[in-house]
J.: 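I am attaching a structure below and will ask some questions about it afterwards.
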Amino acid sequence: MQKAKLTFDRSFRIGEIDDRIYGSFIEHLGRAVYGGMYEPGHPTADDMGFRKDVLDLVKELKVPIVRYPGGNFVSGYNWEDGVGPVEQRPKRLDLAWQTVEPNEVGTNEFVEWCKRADSEAMMAINLGTKGIDAGRNLLEYCNHPGGSYWSDLRKSHGYAEPYNIKTWCLGNEMDGPWQIGHKTAEEYGRIAHETGNAMRMFQPDLELVACGSSNRKMPTFGEWEAVVLDHTYEIADYISLHTYYQNFESDVANFLAKSLDMDAFIESVVAICDYVKAKKRSNKTIHLSFDEWNVWFHSRQADSEREPWQVAPPLLEDVYTFEDALVVGCMLISLLKHADRVKMACMAQLVNVIAPIMTENNGAAWRQTIFYPYLHASVYGRGEVLRTLVDCGKYDSKDFTDVPYLEAVTVNDPEQQQVTIFAVNRHQEERMELSADLRDFAGYAVIEHIVLEHEDIKATNTAAHPDNVVPHNNGDATVTDSQLTAYLAPLSWNVIRLGR
Ligand code: AHR
């Protein structure tokens with residue numbers, strides 16, 4: 001049996017959790033929009049054609065913010081195509097995903113969908129084929145009350161009230177050669193600065209996200225962030241990070257350790273932000289928007305074989321395994337451990353496309369395995385993160401050394417007087433005795449110990465078997481004389497909830 005000891009105290013605060021770290025992402029890609037959030041003929045469709053079964057699952061996840069409309073898609077998008085009478089909207093070729101975009105859903109429908117999902121919109125603008133005008137015109141269309149060309153156009157489209165959208169992404173993955181309108185760091189830094197500047201002239205309190213690297217393996221990583229921030233430091237509030245993990249080799253030990261890469265990625269970007277801050281002798285701190293993260297690899301082969309130029313074909317439809325849910329759990333813990341600097345994050349994506357929610361056209365909607373760690377973190381991971389020292393055994397894998405068998409973090413919610421420990425036992429065979437001295441939380445008892453476990457690491461949830469991988473709350477955590485003890489199953493995601 002493995003042993004792990006946790007140490008945490010009320011005053012060892014890493015930082016306040018910004019709820020927006022539980023954000024998500026909807027791109028015009030595959031069946032995310034058409035067949036996912038929107039399907040007018042579906043039995044659960046509401047008056048605007050939004051699937052209520054999907055909306056219910058999104059609300060269950062308590063998603064605070066949703067990034068839209070891309071992704072790679074945004075770099076060729078004319079937002080003007082997606083507003084006004086639907087029958088007059090053009091069908092366009094989307095070069096990013098080689099599909100046909102019918103434009104039945106656009107900005108106004110998305111903002112209305114966000115309201116119905118109890119969420120907030122995070123808009124991305126096209127800095128690939130477009131530029132400053134894409135930012136300032138869309139901003140005026142969305143946020144100006146009226147009396148100007150773009151705001152009156154919105155009103156004429158039937159949306160009288162301005163949206164006051166606060167958070168805007170200045171392009172998407174502009175460092176990537178696959179991006180339409182790909183740029184060097186200098187080119188992007190300049191256009192992002194000028195666009196952000198124009199947008200702030202209209203509304204100074206916007207929150208603007210500059211594009212960081214598409215992932216940590218990009219050859220330009222590091223230098224890209226430094227150059228971009230050099231240009232955008234005054235106008236940007238956040239720099240973005242994206243990462244997706246794979247397990248093509250079926251190397252469980254190595255796959256489960258991938259969150260160490262996420263830790264290192266975050267810490268490197270924080271260091272670069274602070275380097276630019278020092279260089280500029282600035283008092284302003286740039287925060288991180290981890291606005292694309294997930295596991296993504298199952299669908300890659302199928303996607304490479306499909307016919308181009310279809311409307312809403314099934315694309316990036318990863319069917320997630322139990323093992324993927326453990327990696328997603330570790331990734332959520334990584335985001336929480338850096339809550340002082342990661343203030344926004346978006347699981348990519350929300351429905352059908354590398355998503356926690358899957359649907360059939362004209363059929364069911366169900367929860368994938370990765371839905372559960374996301375749900376637990378979003379619902380119970382609110383408050384402040386406590387530095388959590390983890391004393392446990394370690395292992396080496398193909399790409400990592402000293403991987404702790406236990407990945408864990410503690411969240412304190414002083415208002416509710418509740419403490420939640422999120423923990424993954426990475427050991428493939430052995431149970432783990434977890435102990436913690438609750439010295440600073442005297443009187444706290446176990447509310448529940450939720451566990452996600454399965455005897456088959458490749459188990460999935462499907463339309464036919466939607467409840468194959470589901471959590472239970474029969475974990476055995478106990479508190480005696482302020483000593484917490486729990487036995488964690490090998491390969492398990494655990495949520496230990498304590499309260500007074
Ligand atoms: O989320 C899928 C794609 O991954 C996005 O369109 C792009 O930004 C990233 O490369």
Side-chain angles (χ1 to χ4, degrees), residues 23-34 36-37 63 65-77 79 93-99 101 110 122-129 168-183 188 192 209-221 224 228 238-246 262 265 288-304 306 308 312-320 324 327-328 331 344-358 368 370 374:
S24 191
F25 175 31
I26 290 190
E27 177 166 4
H28 282 254
L29 196 187
R31 296 190 309 121
V33 173
Y34 307 106
M37 65 179 272
V63 181
I65 193 163
V66 182
R67 184 166 172 254
Y68 174 88
N72 296 340
F73 171 81
V74 80
S75 299
Y77 183 49
W79 68 268
L93 295 188
D94 165 28
L95 303 181
W97 299 104
Q98 300 203 300
T99 55
E101 170 54 51
F110 175 69
M122 175 188 199
M123 296 298 281
I125 58 171
N126 176 355
L127 291 190
T129 60
W168 296 76
C169 300
L170 301 169
N172 174 70
E173 293 190 350
M174 299 309 303
D175 62 321
W178 59 86
Q179 202 69 212
I180 304 170
H182 163 227
K183 293 180 173 39
Y188 171 70
V209 185
C211 289
S213 295
S214 302
N215 61 69
R216 192 173 169 233
K217 290 201 181 113
M218 296 299 290
T220 47
F221 170 61
W224 173 275
V228 166
Y238 305 88
I239 185 132
S240 70
L241 297 83
H242 293 178
T243 205
Y244 296 100
Y245 294 126
Q246 298 90 29
M262 193 170 189
F265 189 12
L288 275 51
S289 173
F290 214 127
D291 46 42
E292 287 189 34
W293 68 269
N294 204 344
V295 169
W296 170 18
F297 70 106
H298 298 283
S299 58
R300 298 239 183 193
Q301 182 63 29
D303 287 347
S304 68
R306 124 205 102 92
L315 277 178
L316 280 68
E317 297 206 356
D318 274 36
V319 176
Y320 287 113
D324 299 328
V327 173
V328 161
M331 293 175 87
M344 293 194 288
C346 303
M347 178 188 257
Q349 300 190 7
L350 188 53
V351 53
N352 289 332
V353 171
I354 43 174
I357 300 168
M358 284 298 281
Q368 293 233 58
I370 62 168
Y374 181 28

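Below, all heavy atoms of this structure are taken into account, side chains as well, without hydrogens, waters or symmetry copies. Atoms within a ligand are numbered from 1 in the order they appear, just like the ligands themselves. Owing to the predicted nature of the structure, the values given are computational and were not obtained by experimental measurement.
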J.: Please list, chain by chain and in numerical order, all residues satisfying ring pair (Phe, Tyr, Trp, His ring centres under 6.0 Å) with Tyr238, sequence neighbours excluded.
T.: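 Per chain and number, Tyr238 pairs via ring pair (Phe, Tyr, Trp, His ring centres under 6.0 Å) with no residue.
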J.: For the pair Arg67 and Glu27, find out whether any cationic side-chain nitrogen is under 4.0 Å from an anionic carboxylate oxygen.
T.: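 Judged by the 4.0 Å cut-off on N to carboxylate O distance, Arg67 and Glu27 do not form a salt bridge.
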J.: Aromatic rings Phe221 and Phe265: how do their planes relate, parallel, tilted or perpendicular, breaks at 30° and 60°?
T.: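 Answer is perpendicular, since the angle exceeds 60°.
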J.: Measure from the side-chain N and O atoms of Asp303 to the backbone N and O of Leu316, and report whether any donor-acceptor pair falls under 3.5 Å.
T.: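 Such a contact is found between Asp303 side chain and Leu316 backbone.
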J.: Could you tell me if the side chain of Asp324 sits less than 4.5 Å from the side chain of Phe297, heavy atoms only?
T.: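 Side chain of Phe297 against side chain of Asp324, heavy atoms only: contact under 4.5 Å found.
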J.: Can any side-chain N or O of His182 pair as donor or acceptor with the backbone N or O of Asp175 at less than 3.5 Å?
T.: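 Looks like yes, one N/O pair under 3.5 Å.
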J.: Below 4.0 Å from any atom of ligand 1, which residues have a heavy atom? Give them in chain and number order, please.
T.: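 Those residues closer than 4.0 Å to ligand 1 by some heavy atom are Phe25, Glu27, Gly71, Asn72, Trp97, Asn172, Glu173, Tyr244, Glu292, Trp296, Leu316, Gln349, Ile354.
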